[in-house]
Amino acid sequence: MRYSQSFIYTLKEDQKEAAIISHNLLLRGGFISKLASGIYNYLPLGLKVIKKVSNIVREEMDAAGALEILMAAIQPAELWMESGRWNDYGKELLRIKDRKESDFVFGPTHEEVVTDIVKKYAKSYKDLPFNLYQIQTKFRDELRPRFGLMRGREFIMKDAYSFDADEDSMDISYLKMREAYYNIFRRCGLAFRSVEADTGSIGGKDSEEFMVLSSTGEDEIVVCDACEYSANVERAESITEDDAGSEEKLEKVETPNKQTIKNVCEFLNADEKFSAKALVYKNEEGKIFCFFVEGDDELNEIKAARATGSVELEMLSDEELKKAGLTKGYIGPINFPNKDIEVICDKRLENRNNLVVGANEENYHYKGAKLHRDFECDKIADLRSVKEGEVCPKCEKGKLKRIRGIEVGHIFKLGLKYSQAMNALFLDKNGKTQPFYMGCYGIGIGRTAQAAVEQNNDEKGIIWPISIAPFEVEIVSLDSKDIAMSSYCDMIYDDMIYREIEVLYDERDERAGIKLNDMDLIGIPIRIVVGKKSFQNNKVEISLRREKDKKELIDIDAVLDYITELREKLYAELETIREV
RNA sequence: CGGGGUGUAGCGCAGUUUGGUUAGCGCACCUGCCUUGGGAGCAGGGGGUCGGUGGUUCAAAUCCACUCACCCCGACCA
């Protein structure tokens, strides 16, 4: 592509709507432009990147035996009523009406549609297994779109759905996808990690998220410094050093105006570890739960939701607390005042002999309380978030660290959950009706592209990994009016096109500074600078974007071979997973 | 949805508190000269219903009401 014939418009100034580097650079480099909140246009450069990522995904999915289809983006409401999600999916589901006032949705995901297709055609175990995937624009009416392509409302996703006859076979399908995902993110040049994930409302057996490591990531993950254990903080567990403390007599004490754990413990001269704090939530059905965790622990709402079988938990307001008969600041498990509320204790509390707890009475607490001696609860569960420095549950030696990541992919074993609900059945060897064992596998294409920028940039701009760069090579001619130089550039440009090297040729009549700065911003990995001084000596400068000050002077006749070699070297580097 | 904030040229902003010339600046864009290895310089030029609607006033970017859009912090997701 010749720069002067392209549609590349760069901006000098930072964009105020961008809160993170990658968003700013994509806007400044002319990759994307915003149309509305969470809705972006992909300009020529941006689309090139999207296509590169998509093609890597496509190649690896095909290699894993998956079959590409393209499902309708607009889906009839009936399907969603059948699955029950017309009601359950909530406001994120964009609902639209046609001219006859019939209800449709713009698909946020395609379980319903794919199941509808599969139901229609696959009726025998002989058809199994198979995996159908697509790369398509989705729409989810997010509460808070942000960070450009990271969390758009309209976004491009690869979604795949596997269908198997039994659990073992499903496990194999899952592992194939897992391997494909490793290949995809490796080839995209990302430093990533797969982590154990919560299966959330989708349910099912196993689930892993693929996280691109970045301090601006919206997810927090827990990793072991000694073994490969890594898990989303929503799910992570740990081994904690447990000091039971001495057994004491239960005693009710006055704690005037001491409502927070900190205040109470300071007042009673107790360690916060030896206290239980109450957190009261209601779920989507309005059922109320009271959770007790140690004073210095953080309640993990995802774990709490799982322990109660809830989809969503919301903290009670002060008025709701009062209405439920609870005394804010003094809620405790002894003589719990409301029998309709389920009381759940974190399992760590079982180890403590001596706890400070609320007395369910204004200005009073108990001290010396012990679970199973002084009080009981309805359920014991793991409710707390892992803290940094705790011991790894897997190797039992390493220390855990909390780091941040961007979720670019997620794989699930769904099991029978959907097939049963949606009546997706086949006949097994014995002629018996069975539901499919399903798996589902997503990758955010735009998010992956932007995550690559977030991970690979410097103060001048983007540093694309060659596999997803809009162009592999950029030629900058510093003096477009010089006939000898220009015709040389034209020649190597044509030669590269002939060799199928993707090349951007900046032949604009602009000053050197403008061209060089644009080149840095756009971030093409290999660059050829043709300037007067070196050209007089029959040389041109070649450098890599990532080490742009390390320039090699190459003989003008050797340039093509040198570039071809460099290019191969950069691709070869992507064969190994980056250490994270 | 709760909390905070912003809407003035393609982008970044000033002007609004205290209403009053023809609404300004930098970048970008167009013309010419000049310059040419890291975002030059000079001269000239184009581009705005000041987010929208209604109101107050002799007079509104500026005051009032309503409304829309967007951004940031929280709970959800690829």
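Note on naming: letters A, B, ... go to the chains in the order of the sequence lines (proteins, then strands), and numbering restarts at 1 for each one.
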Quiz item: What pairs of residues pass the salt bridge (Lys or Arg N to Asp or Glu O under 4.0 Å) test when at least one of them lies in residues 35-53 of chain A, not counting sequence neighbours?
Solution: A:Lys52-A:Glu502
Quiz prompt | Set of residues satisfying ring-ring contact (aromatic ring centres under 6.0 Å, His included) with respect to A:Tyr182, sequence neighbours excluded | solution = A:Phe192, A:Phe210
Quiz item: Given B:rA78, B:rC72, B:rC27, which nucleotide is nearest the side-chain atoms of A:Lys12?
Solution: B:rC27
Practice problem: Write down the partner of B:rU6 under the Watson-Crick or G-U wobble criteria, each distance required to be under 3.5 Å. | Solution: B:rA69
Quiz item: Applying ring-ring contact (aromatic ring centres under 6.0 Å, His included), which residue pairs with at least one partner in residues 504-538 of chain A are found, sequence neighbours left out?
Solution: A:Tyr488-A:Phe535, A:Tyr493-A:Tyr505
Quiz item: To the nearest angstrom, how far is A:Arg545 atom CZ from B:rG38 atom C1'?
Solution: 13 Å
Exercise. Drop me the distance from A:Arg511's CZ to A:Asp479's CG, to the nearest 0.5 angstrom.
Key: 12.0 Å
Self-check item: P spacing across the pair B:rG52 / B:rC68, given as an integer number of angstrom
Solution: 15 Å
Practice problem: Would you mind reporting whether A:Ile463 and A:Pro525 have side-chain heavy atoms less than 4.5 Å apart? | Solution: no
Practice problem: Confirm from the modelled atom types if A:Arg153 and B:rC77 form a donor-acceptor pair under 3.5 Å, side chain to base only. | Solution: no
Practice problem: Looking only at side-chain atoms of A:Arg447, point me to the closest of B:rC77, B:rG38, B:rG37. | Solution: B:rC77
Self-check item: B:rG74 to B:rU21 separation - P atoms, rounded to the nearest Å
Solution: 44 Å
Self-check item: Euclidean distance, atom CZ of residue A:Phe147 to atom P of B:rA78 [Å, nearest integer]
Solution: 18 Å
Quiz item: Are A:Leu26 and A:Ile462 close enough that some pair of their side-chain heavy atoms sits under 4.5 Å apart?
Solution: yes
Quiz item: Rounding to a whole Å, what distance do you find between A:Glu407:CD and B:rC76:C1'?
Solution: 11 Å
Self-check item: Span that lies between the C1' atom of B:rG26 and that of B:rA9, in whole angstrom
Solution: 13 Å
Self-check item: P spacing across the pair B:rG51 / B:rC70, given as an integer number of angstrom
Solution: 16 Å
Practice problem: Answer with base, sugar-phosphate or nothing: what part of the nucleic acid does A:Lys548 contact at a heavy-atom distance below 4.0 Å? | Solution: nothing
Quiz prompt | Side chain A:Arg146 and base B:rC73 donor-acceptor under 3.5 Å | solution = no
Exercise. Taking ring-ring contact (aromatic ring centres under 6.0 Å, His included) as the test, write out the residues that go with A:His110, two or more places apart.
Key: none
Quiz item: Where the side chain of A:Lys303 meets the backbone of A:Arg384, is there a donor-acceptor pair that is under 3.5 Å apart?
Solution: yes
Quiz prompt | Pairs flagged by ring-ring contact (aromatic ring centres under 6.0 Å, His included) wherever residues 10-32 of chain A is involved - sequence neighbours left out | solution = A:His23-A:Tyr40, A:Phe31-A:Trp464
Check nucleotides 30-36 of chain B against the protein and report each pair of N or O atoms closer than 3.5 Å, with its distance, or say if there are none.
from	atom 1	to	atom 2	distance (Å)
B:rU35	O2	A:Arg511	NH1	2.7
B:rU36	O4	A:Lys481	NZ	3.2

Quiz item: Which whole-number value in Å describes the distance from A:Glu234 CD to B:rC76 C1'?
Solution: 10 Å
Quiz item: With sequence neighbours excluded, what pairs up with A:Lys460 under the side chain to side chain donor-acceptor pair (under 3.5 Å) test?
Solution: A:Asn517
Quiz item: NZ of A:Lys460 versus C1' of B:rG38: gap in Å, rounded?
Solution: 6 Å
Practice problem: Give A:Gly30 one of three labels, base, sugar-phosphate or nothing, depending on what nucleic acid heavy atoms sit under 4.0 Å from its own. | Solution: nothing
Quiz item: In the structure shown, which nucleotide is the Watson-Crick or G-U wobble counterpart of B:rC1, with both distances under 3.5 Å?
Solution: B:rG74
Quiz prompt | Closest-nucleotide 5' rank along RNA chain B - winner of A:Gly531 and A:Gly38 | solution = A:Gly531
Quiz item: Within this structure, what is the CD-to-C1' distance between A:Glu474 and B:rG38, rounded to whole angstrom?
Solution: 14 Å
Quiz item: For RNA chain B, whose closest nucleotide is more 5', that of A:Glu209 or that of A:Gly513?
Solution: A:Gly513
Quiz item: Checking A:Arg28 side chain against A:Lys12 main chain: does a donor-acceptor pair fall under 3.5 Å?
Solution: yes
Quiz item: Base, sugar-phosphate, or nothing for A:Lys138, non-hydrogen atoms under 4.0 angstrom?
Solution: nothing
Quiz item: Looking across every strand, which nucleic acid part, if any, lies under 4.0 Å from A:Ser33 by heavy atom: base, sugar-phosphate, or nothing?
Solution: nothing
Self-check item: Separation of the P atoms in B:rG20 and B:rG3, to the nearest angstrom
Solution: 34 Å
Quiz item: Whom does B:rG41 pair with, Watson-Crick or G-U wobble, provided both distances fall under 3.5 Å?
Solution: B:rC33
Practice problem: If B:rC63 has a Watson-Crick or G-U wobble mate with both distances under 3.5 Å, name it; if not, just say none. | Solution: B:rG55
Quiz item: What's the closest nucleotide to the A:Glu218 side chain, out of B:rC76, B:rG38, B:rA75?
Solution: B:rC76
Practice problem: Grab the CD1-C1' distance between A:Ile302 and B:rG74 for me, whole Å please. | Solution: 14 Å
Quiz item: In whole Å, what separates the C1' atom of B:rG47 from that of B:rU17?
Solution: 30 Å
Practice problem: Could you work out which one of B:rA78, B:rA75, B:rG38 sits closest to the side chain of A:Leu143? | Solution: B:rA75
Quiz prompt | Phosphate OP1/OP2 of B:rA69 contacted by A:Ser37 side-chain N/O (<4.0 Å) | solution = no
Exercise. In whole angstrom, give me the gap between the C1' atoms of B:rA23 and B:rA14.
Key: 11 Å
Quiz item: Heavy atoms under 4.0 Å, any strand shown: does A:Ile443 hit a base, just sugar-phosphate, or nothing?
Solution: nothing
Self-check item: Sequence neighbours excluded - ring-ring contact (aromatic ring centres under 6.0 Å, His included) pairs with any residue from residues 44-68 of chain A
Solution: none
Quiz item: Using purine N1 to pyrimidine N3 plus N6-O4 or O6-N4 for Watson-Crick, or N1-O2 and O6-N3 for G-U wobble, each under 3.5 Å, what pairs with B:rC13?
Solution: B:rG24
Quiz prompt | Among B:rG37, B:rG39, B:rC72, the one nearest A:Ala19 by side-chain distance | solution = B:rC72
Exercise. Produce a footprint string for nucleotides 6-16 of chain B: one letter per nucleotide, 5' end first; B if the base is under 4.0 Å from any protein heavy atom, S if only the sugar-phosphate is, - if neither.
Key: S----BSS---
Self-check item: Distance between P atoms of B:rC33 and B:rG39 (Å, rounded)
Solution: 24 Å
Quiz item: Taking CD1 from A:Ile184 and P from B:rA78, how many angstroms apart are they, rounded to a whole number?
Solution: 16 Å
Quiz item: Under a 4.0 Å N-O cut-off, is there an ion pair linking A:Arg527 with A:Glu541?
Solution: no
